[in-house]
Amino acid sequence: MIVGGGVHGLATAYYLARNHGLTNVAVLEQSYLGSGGSGRNTAIIRSNYLTPEGVRFYDRSVKLYEELSTDLNFNVMFSQRGHLTLAHNDASLRTMRWRAEVNALQGVDSDVIGAAEVGRLVPQLDLSDTAHHPILGGLYHPPGGIIRHDAVVWGYARAADALGVHLHQGTEVTGIDVEGDAVRGVQTSRGPISTPVVVNCTAGWATLIADMAGVRLPITTFPLQAAVTEPVRPFLKTVVVSGSLHVYVSQTARGELVFGAAVDPFPSYSMRGSLQFTESVAGHVLELMPALAPLRVLRQWAGLCDMTPDFSPVMGVTPVDGFYLDVGWGTYGFKAGPVAGETMAELVATGKTPELIAGFDLARFAEGRLVGERGAAAVGH
Amino acid sequence: MTRLQPQPGEVIDRDRPIRFRWVGRDHQGYAGDTIASALAAAGVRVFGRSMKYHRPRGLLSADFHDPNCMVTVDGEPNVRGAHRLVRAGMDVRPQDTWPSLRFDVKAANQLVGRFLGPGFYYKTFMRPARLWPAYEAVLGRFSHGGHAPSEPAPERYDHRYVHPDVLVAGGGPAGMAAAAAAAGAGVSVLLVEEEQELGGHLRWGGPDDLAALRDLRAAMAAGSVEVLTDSVVTGRYDGNWVSVLQRAGAGGATGTVRERMVKARAKHLVVAAGLIERPYVVGGNDLPGVMLSTAVRRLVNLYAVRPGDRAVVLSANASGAAAADDLSRVGVDVVRVLDARAGEDITRIRGRSGVQAVECSDGTVVECDLVVTAVGWTAPLTLLTLAGGRATYRADAARFVATGLPDDVSAAGGLVGDGTLEQLIEHGRAVGRDAARRAMRVASVLAAGVPGAAVPAVHDGHVDVPALQPAPHPELFLGATDGIVDYSEDVSAKDLRAAVREGYDSIELAKRYTTATMGPAQGKLEAVNSIAAVAAATGADLAATGTTTGRPPYVPVSLGALAGRSHSLLRRSPVQGWHDAHGAVPLYAGAWIRPDHYGDPVAEVRAVREAVGLIDVTPLGKFDLRGADVPSLLELLYVNRWRKLDVGSVRYGVMCAEDGVVLDDGVTGRLGPEHYLMTTTSSGADAAHDWMERWLQTQRRDLQVHVTPVTANYASINVAGPRSRELLARLTSLDLSASAFGYMRVRTGRVADVEDCVVWRIGFTGELSFEVHVPAGYGLHVWEALLDAGADVGVRPFGVEAQRILRLEKGHLIVGQDTDGLTQAYGAGLGWAVKADKPDFAGKPELAWQLMREDYLHLVGLQPVDGTAVPPEASQIVEDGTRIVGRITSSRMSPTLGRSVCLAMVAPHLTAAGTTVTVRLPGGGSLQARVMPQHAHVDPEGVKLRA
Amino acid sequence: MLIPCPLCGPRDALEFRFVDETVRRPEPQSASPEQWRSYLYLRANRAGAVTELWLHRSGCRQYVVVERDSLTNTVTAARLARKEAVS
């Protein structure tokens, strides 16, 4: 029984069926498929993380994404147009070099480039040295890019459905039955279901689902907002990120500019957007690309992000037998969808924790072994 | 189309012709014309082409929301041509023209039509995968909109803050009545109208409407209501925080402000947004010449434009009849009026580049060049649903209405229901009076929350708001044949049906799959028809199908208006002007601008090592701590011990978070029995302040300590080098001799005739040095005095880069560079500072446990075997080629030693002095480096700084 | 979102900094690793009524205990942290 009909839940179901032949699998979704974070994120894919473990994990995800259209027979429009993180000071250049070096050692293409090359990649950027946030260089990651997020959800859903997985939309989980230390079933808005295995693949509501099984999580839920502009003709190929300015920008195939930022300054389960968000994101975008002032923001929205103390997910087993976690995805869940599905499916099917996710276990918090991604905090997109 | 004789309500000024350019040719309109009306008067029928099929498109609603009239004006893309007024000399260009506006791309239509069904992207272009980038480039041609500007425009944008008691969104009859009534009740009112003038539908109405409009406008002019026209409420956020985009008039006297975002903290919001007319979905409904009845009435009555010559009208309401009357009055041949209420219908509209004929439900075919539809209204509920209201479908009225509004929001007029003009005005008045009453109640509650504020009296009278119900209206959404549902996205009823058939069977999924209602109009015209199309395909009714979530902004808002005036807030030391004038290369460090160097950082290092240098360290966080319990606070904040610090001494402290991670470091001195000056890192100052107050206010409320941030109260100058004592002694009467003023001591006194300077003797650079904290107003004076006094001893200023080299030579770490987000005190080599026997301090348990572990990285001094090689910072230390066992955290060529020096984090098995490690260099290659016995490369014994 | 600061009156949340849920700090001398790390990392993260610590950073710089509904962001109460019973 998989809770959550987003990319993580659907991918887990798909790989359970495809890789392990398990089709007695159901995905429970309280709303419609992809209605949560999967349909609200800014669809950026990259693998240039800071720790070797992080790089290997997300690199596997990029590889799976590269094959996904063929694999699912559904074009997810993965556009590997390059991902550029801007450096506005020495400290960020140093962190970028750190990332680039770790990436290189894992075989991931990502390089520190100078301001001139940044200007060649994105001519709209203001490269003048009078800017408060002058552009000193950047970390360029050619395999990074954007994808059509809904298509990933739909592609996995169609493929899982074709393999015999049951997809239940409009089905909210209201309780988890635990006897002794083992899962016995789930209660839903449409009745009880008996099952020995529950995989929590939710984002935003991960704490509430885990509470039902009596498992406490190191998670605080924050809204993450995004906005798009009206479409204009394609001019921005690269995904542009500025950590210091807390903003990232990409242009979709439809011509809209998509903006994102850091999570909201306080936790909430409310998904109403704020004016402060669009104001600050607009200010920061114009600091980077002043010519874009007349472009208009068409809509803003918010999703919920389950933030963990070390900017890494919580995956694997729990003290409750049969209750698995694939949660705590912060602002980086979408890019991990395929690899999370693949590894969670392997864990559930074989009972053995794959090496790729061993470091993301829940026990690390009680044991004080946090993951080093915290070193590269700020905006991680 | 042609210009008509003067009309009673026309808004054009025929005495003021205006010339502008369209597709490179000169055109003329009048002041008051929109781009669309001027062009329509000149006979232009096609304003653009549709996104996917590139079908010609003409005016549909002839207002801001018209999806078919997006143009580029003087390089500004996506301008609403049916709203923007003509201006002399403006250059207007069409968009979405492929290959050109005039050329009918029939071949292209046929080419793309085969595969442009809903979701076509997802089902095609997958194989071979290597060709996807090429496909992507082709698909880019199907993006729409204008071109993004490549150069910044000279105009500016601005913000304004207002605090109206009542904000009224919509200046039609009900909105004006509400505003006037609220103002009459004695509260402040801001009235916001989207169009260029107040009046709403009265503006394009008949003589009675115009007479009523004159009265209402006169009342507005006489009253105290502030009116913003050509302005629109774009969002309502938590706490009645209302954003208003002011377009026209934002420039004021100078005319250089293009748009202004007016942000209102409204005590009450009245939404009187009126109604939006809905198109009819039937084959051919996107041909130029198919218009809404309100569009026809606008063109005729406001702009005196003849919309066509032979018209067929499909009408289900009074607006259709009025449009037919208007057309007849100005001499348009109204060849047929079909009464939809009697079952008459249009089954298809024929034509190629414009309307040629309509097929009627009785089988007749009527030739015409204008088709007018009046088939129903959509209530724009966005602001109400953003406020928490719920959209509920009323089948009897064929529209959604809002229910469940919060106390501080109400709706007035047509948005609520239908009625005579008198009824609408009466409703507006009552809502306005009620709004004033509620706003006063909010004012009273707000004032009651402010200690000491006068609380205004509340008159808790009741206001009877008359009921206003939507009038019965037939449900007319989808006609007998498939037409366009979403004009800007080029989505047809057939596309939505196909999406449902493929399993995208909820309104949210169908919307995402087809992109219906996701275009620039955000569903204002199209949303209800989309719901109807999905409902028809699923067999559900509209109520069960429901709406999609409305999201701000109500209309698109420019990035410029959102950003407002560009502010760049920088903190500057009082000496920064001197730095600028003396060739300092600036360094932006957090909020501060600082001198990185003055041209030659190596010479600056030498001056400090051999003579004396000055560095401006004003950005250091500084806190004045007073009270009997300061030592207790410091004991909690820092891992070190503070109880025994005597008056006149300073100590270096290490601050850790509760997880034991190094948070900050700095020097604190005891100036008096109950008086301390504490310094922190520049970037950590704010966090340290919050952290101190958190201990005092939430954990140890018993401690008697006053914390005053004094970072900006002092200019801080570090005088460093073997001759620093000699230099400083020339400007102070303080006894600086080694015996009187030892290392890690502090004195307060006069420096360069400035009283109350705090001087302490510390050694971040590794040299004999005195840090002078000068009352900020005298910072520049003391700086210049030191330079003047020290010319003969070789004083020179040094910047941050020289300081970085000096401290690295000395092996002093920088928190955040040589440590990271997981580095605990022992890993940073700061274990010597930890006094584990203290009963409590932040991070104590974690540090105790860290001592029992061996799995963490350690900071060590490191020197490349080849002293000429400097491994870049962040170079990785590896074993077996690829296994990462550490990294270089700091590296420089040491001018003092003539060799490269580093600090590095290494795995525990590599910490022993003399261990050789392999450093992998960015860009290939590697070098060997040796672990040193200590962090310091220069003067590890500390002889110099104790001199 | 408005927070009714006990000293300054109702102010926009932008003037404040969210600090944390109110959590009890274990006795550092005796806390077990599990207790201490529960204090460091585990949060109730409730959907609904929450009690939180905020700092009126751009105002009176007082720590304020805020009662809030995390589903609607409605603030129902705010009290000075230094006047709270010691937790």
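We name chains A, B, ... by the order of the sequence lines, and we start the count at 1 in each one. Just so it is clear, the values below take in all heavy atoms, side chains as well, and ignore hydrogens, waters and symmetry mates. As the structure is a computational prediction, the values presented were derived from the model and not from experiment.
- Heavy atoms closer than 4.5 Å to chain A are found in the backbone of E151(B), but not in its side chain.
- Contact tally against chain A (heavy-atom pairs below 4.5 Å) for G560(B), G75(B), P586(B), P152(B): the top residue is P152(B).
- If you measure heavy-atom distances from A153(B) to chain A, you find no contacts under 4.5 Å at all.
- Between D310(A) and R364(A) a salt bridge is recorded (basic side-chain N to carboxylate O distance below 4.0 Å).
- When every heavy atom of A261(A) is checked against every heavy atom of F277(A), the shortest pair comes out as CB-CE1, 3.7 Å.
- Residues satisfying the salt bridge (charged side-chain N to carboxylate O under 4.0 Å, His left out) criterion with R299(A), sequence neighbours excluded, are E256(A).
- Between R853(B) and E846(B) no salt bridge is recorded (no basic side-chain N to carboxylate O distance below 4.0 Å).
- With a 4.5 Å cut-off on non-hydrogen atoms, R369(A) does not touch chain B at all.
- The pair E489(B)-R254(A) counts as a salt bridge, with a side-chain nitrogen and a carboxylate oxygen less than 4.0 angstrom apart.
- Between Q225(A) and W301(A) there is no side-chain heavy-atom pair separated by less than 4.5 Å.
- With a 4.5 Å cut-off on non-hydrogen atoms, V102(A) touches chain B through its backbone and its side chain both.
- Taking P52(A), S79(A), G273(A), A91(A) one by one and counting their heavy-atom pairs under 4.5 Å with chain B, the maximum is reached by S79(A).
- Interface check for chain B: of the options A302(A), G283(A), P294(A), G39(A), the most heavy-atom pairs under 4.5 Å are formed by P294(A).
- Both the backbone and the side chain of T882(B) come within contact range of chain A, with heavy atoms under 4.5 Å apart.
- Contact of V661(B) with chain A is made through the side chain alone, with heavy-atom distances under 4.5 Å.
- Just one residue in the list H88(A), H133(A), H284(A) forms a side chain to side chain donor-acceptor pair (under 3.5 Å) with S242(A), and that residue is H88(A).
- Neither the backbone nor the side chain of T819(B) comes within less than 4.5 Å of any heavy atom in chain A.
- For P134(A), the part lying under 4.5 angstrom from a heavy atom of chain B is the side chain only.
- Not a single salt bridge (charged side-chain N to carboxylate O under 4.0 Å, His left out) links R40(A) to another residue, sequence neighbours left out.
- Within the 4.5 angstrom heavy-atom criterion, no atom of Q276(A) approaches chain B.
- R148(A) is listed as a side-chain neighbour of Y122(B), based on a closest heavy-atom distance under 4.5 Å.
- Contacts with chain B were tallied for L105(A), D111(A), D126(A); L105(A) has the most, counting heavy-atom pairs under 4.5 Å.
- Contacts between R804(B) and chain A at a heavy-atom distance below 4.5 Å involve the side chain alone, from C-beta outward.
- Of the listed residues (P520(B), S506(B), P552(B), A563(B)), the greatest number of heavy-atom pairs within a distance under 4.5 Å of chain A belongs to P552(B).
- For residues 285-293 of chain A, heavy-atom neighbours of chain B at less than 4.5 Å comprise V285(A), L286(A), P290(A), A291(A), L292(A), A293(A), sorted by residue number.
- When side chains are defined from C-beta on, T229(A) counts as touching F259(A), because their heavy atoms get closer than 4.5 Å.
- In this structure, the portion of L386(B) lying under 4.5 Å from any heavy atom of chain A is its backbone and not its side chain.
- Between W154(A) and Y504(B), the ring-plane angle classifies as perpendicular under the 30° and 60° cut-offs.
- Contacts between R512(B) and chain A at a heavy-atom distance below 4.5 Å involve backbone atoms as well as side-chain atoms.
- Residues V152(A) and S38(A) form no side-chain contact, since every pair of their non-hydrogen atoms from C-beta on lies 4.5 Å or further apart.
- Under a 4.0 Å N-O distance rule, the pair E279(A)/K263(B) qualifies as a salt bridge.
- The residue among R80(B), E76(B), M70(B) with the most heavy atom pairs within less than 4.5 Å of chain A is R80(B).
- Neither side chain, T72(B) nor H147(B), offers a donor N or O lying under 3.5 Å from an acceptor on the other.
- Looking at R920(B), both its backbone and its side chain come within 4.5 Å of chain A, counting heavy atoms on both sides.
- Judged by distance alone, with hydrogens and angles left aside, the side-chain atoms of E155(B) form no donor-acceptor pair with the main-chain N or O of E259(B) at under 3.5 Å.
- Applying the side-chain contact (heavy atoms from CB on, under 4.5 Å) criterion to P871(B), with sequence neighbours excluded, gives P864(B), S875(B), I888(B), C902(B), V919(B), L921(B), L927(B).
- Contacts between F235(A) and chain B at a heavy-atom distance below 4.5 Å involve the side chain alone, from C-beta outward.
- Both the backbone and the side chain of P872(B) come within less than 4.5 Å of a heavy atom of chain A.
- Proximity to chain A (any heavy atom under 4.5 Å) is restricted, for D659(B), to the side chain, taken from C-beta onward.
- The contact between Q300(A) and chain B is made by backbone and side chain atoms together, counting heavy-atom distances below 4.5 Å.
- Heavy atoms closer than 4.5 Å to chain B are found nowhere in L236(A), neither backbone nor side chain.
- By the 4.5 Å heavy-atom criterion applied to side chains, S890(B) and E873(B) are counted as neighbours.
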Show your reasoning for whether side chain to side chain donor-acceptor pair (under 3.5 Å) applies to E29(A) and S35(A). CA-CA 9 Å; E29(A) 167 55 49; S35(A) 54; 3.1 Å; yes
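- Taking 4.5 Å as the limit, some side-chain heavy atom of L68(A) sits within range of a side-chain heavy atom of Y156(A).
- With a 4.5 Å cut-off on non-hydrogen atoms, Y237(B) touches chain A through its side chain but not through its backbone.
- For chain B, the nearby part of R272(A) is the side chain; its heavy atoms alone come within less than 4.5 Å.
- For E801(B), no part lies under 4.5 angstrom from a heavy atom of chain A.
- The choice from M261(B), Q850(B), Q817(B) that makes the most heavy-atom pairs within less than 4.5 Å of chain A is Q817(B).
- For the pair P149(B)/L295(A), a side-chain contact is recorded, criterion being any heavy-atom separation below 4.5 Å from C-beta on.
- Only the side chain of I884(B) has a heavy atom closer than 4.5 Å to any heavy atom of chain A.
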